[in-house]
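Taking it in order: structure first as structure tokens, then the write-up.
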Protein chains: 2
Amino acid sequence: MTNQSKMKVYQEVLNQIRQFIEEQELKDGDRLPSERELSEQLNASRASIREALRAIELLGLIETRHGEGTFLRTYKPYHSVELLSTFVLREVKTKDELLEVKFLLEQVCLNQLFADEQWDYSQVKNLLFESNDIHTELFLRLFEEYGNRLLLKIWHLVTGFVETVDPKGASQVQYEELLKLISQRQYNQALDYHASLYEKQCS
Amino acid sequence: MTNQSKMKVYQEVLNQIRQFIEEQELKDGDRLPSERELSEQLNASRASIREALRAIELLGLIETRHGEGTFLRTYKPYHSVELLSTFVLREVKTKDELLEVKFLLEQVCLNQLFADEQWDYSQVKNLLFESNDIHTELFLRLFEEYGNRLLLKIWHLVTGFVETVDPKGASQVQYEELLKLISQRQYNQALDYHASLYEKQCS
DNA sequence: TTTCAAAAATGGTCTGACCACTAATCGAAT
DNA sequence: ATTCGATTAGTGGTCAGACCATTTTTGAAA
């Protein structure tokens, strides 16, 4: 109705829901209107409402609890990994782009942190290294350190998709090395080392 | 039925569809069974089938054509990136963060182009400067030049949001200056100049 | 053989019903 | 008045069937 009438109802519903969330300033954990309410307010059948909700549920943006309702949820890209990977693995074309963007974002993060003279690396130093995915854990910390939440979310998003395509684990030793370079303020070496972790992907 | 009976039907359907694709070795462009066929074969209602299909359609894994059918499709993460961003940005829409990310992405683009010795800046030189938004036009061209479509998409999205928050127009002269620096391969000056365009935003 | 209208197949959408689960309500026993 | 329990209302989960819009196939007429 609003834009192209060619757009499917469930896509319109998605936009309306997004708009609703913005207007009401809903946050993680808040409850959305019930499917029946949405159906009435958005002038669409409950089936269409559900198609939209199921879609963003699969993306991990909402959480539905039987008998309770539908709730906003902190975005967790790991949600539908198994499913996605089997679909996606046969197409490697975009894998390189994903990896490259992830790499570039991380380089940006490192560069910005290094450029800050007053940056206290000691907090990062105390990072626990007992996680399964050290790389993600470390850069999650570094992005938080930098403080730009949008940049962090974008990186997190891309990382989620990368894991879908490229489920590799990095060795712990490598990141202890990276962390050592950072703590010694050998920034150029740190950047190069970080880059080297990505270079062997080209096979 | 198969695993946890707690799992929703549409998720079971997703697994079955994935399995079907593997068994039949379907490739991009191949057609899936019709919704009614799937409904019969998988012993689920057409509504549940559709919920599953809509979900993976939003993920960009399939494409539906009215009257024709449902087809496998080359996976492109950009689809969901677009939708996700609008959700992800809901809490983050601080003007400063938006501007900073936009700036950083552009710096990345410039850096990567400059690092490429064989880059031919002459094509960019021929850019028409009759658009209303010179900045967007120029960097759209530069990002395309670099070739990473995902990076371009992310930048484009961020730029779109920035414009809704900060509807400024840049003067034409400034970008002729920037372009001049690029064409003269004075890359460091170009980066600094680009940065200076953002610095006066801190009011 | 070619052409084109009818029929079949397919996705898009809606309605209404029923079940399962949860939380709120209300009344009875304490 | 308080507590506890069953009832009830609200919500998501699922299904069956209908109708429309678009595309493809079919088959008869030229």
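In what follows, every chain begins at residue 1, and chains take the letters A, B, ... in the order their sequences are listed. None of the values given here were measured: they were computed from a predicted structure.
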Pairing residues for [X] by the side-chain hydrogen bond (donor to acceptor under 3.5 Å, both in side chains) criterion, not counting sequence neighbours:
{"X": "B/Arg31", "result": "none"}
{"X": "A/Gln107", "result": "A/His194"}
{"X": "B/Thr136", "result": "B/Asp133, B/Glu163"}
{"X": "B/Tyr193", "result": "none"}

Annotated protein contacts, base or backbone, on nucleotides 6-19 of chain D with a non-hydrogen cut-off under 4.0 Å, one of B, S, - each:
----BBBBBB--BB
Mind checking side chain to side chain contact (heavy atoms under 4.5 Å, CB included) for A/Val108 and listing every partner two or more places apart, or none if nothing turns up?
A/Gln112, A/Leu151, B/Leu104, B/Val108
Could you pull out all residues at least two apart from B/Glu57 that satisfy side chain to side chain contact (heavy atoms under 4.5 Å, CB included)?
A/Lys8, A/Tyr10, B/Arg54, B/Ile62, B/Thr64
Partner residues of B/Phe114 under the ring pair (Phe, Tyr, Trp, His ring centres under 6.0 Å) criterion, sequence neighbours left out:
B/Tyr187
Reading DNA chain C in the 5' to 3' direction, which nucleotide is the first one with an atom under 4.0 Å from a heavy atom of chain B, and which is the last?
C/dT10 to C/dT13
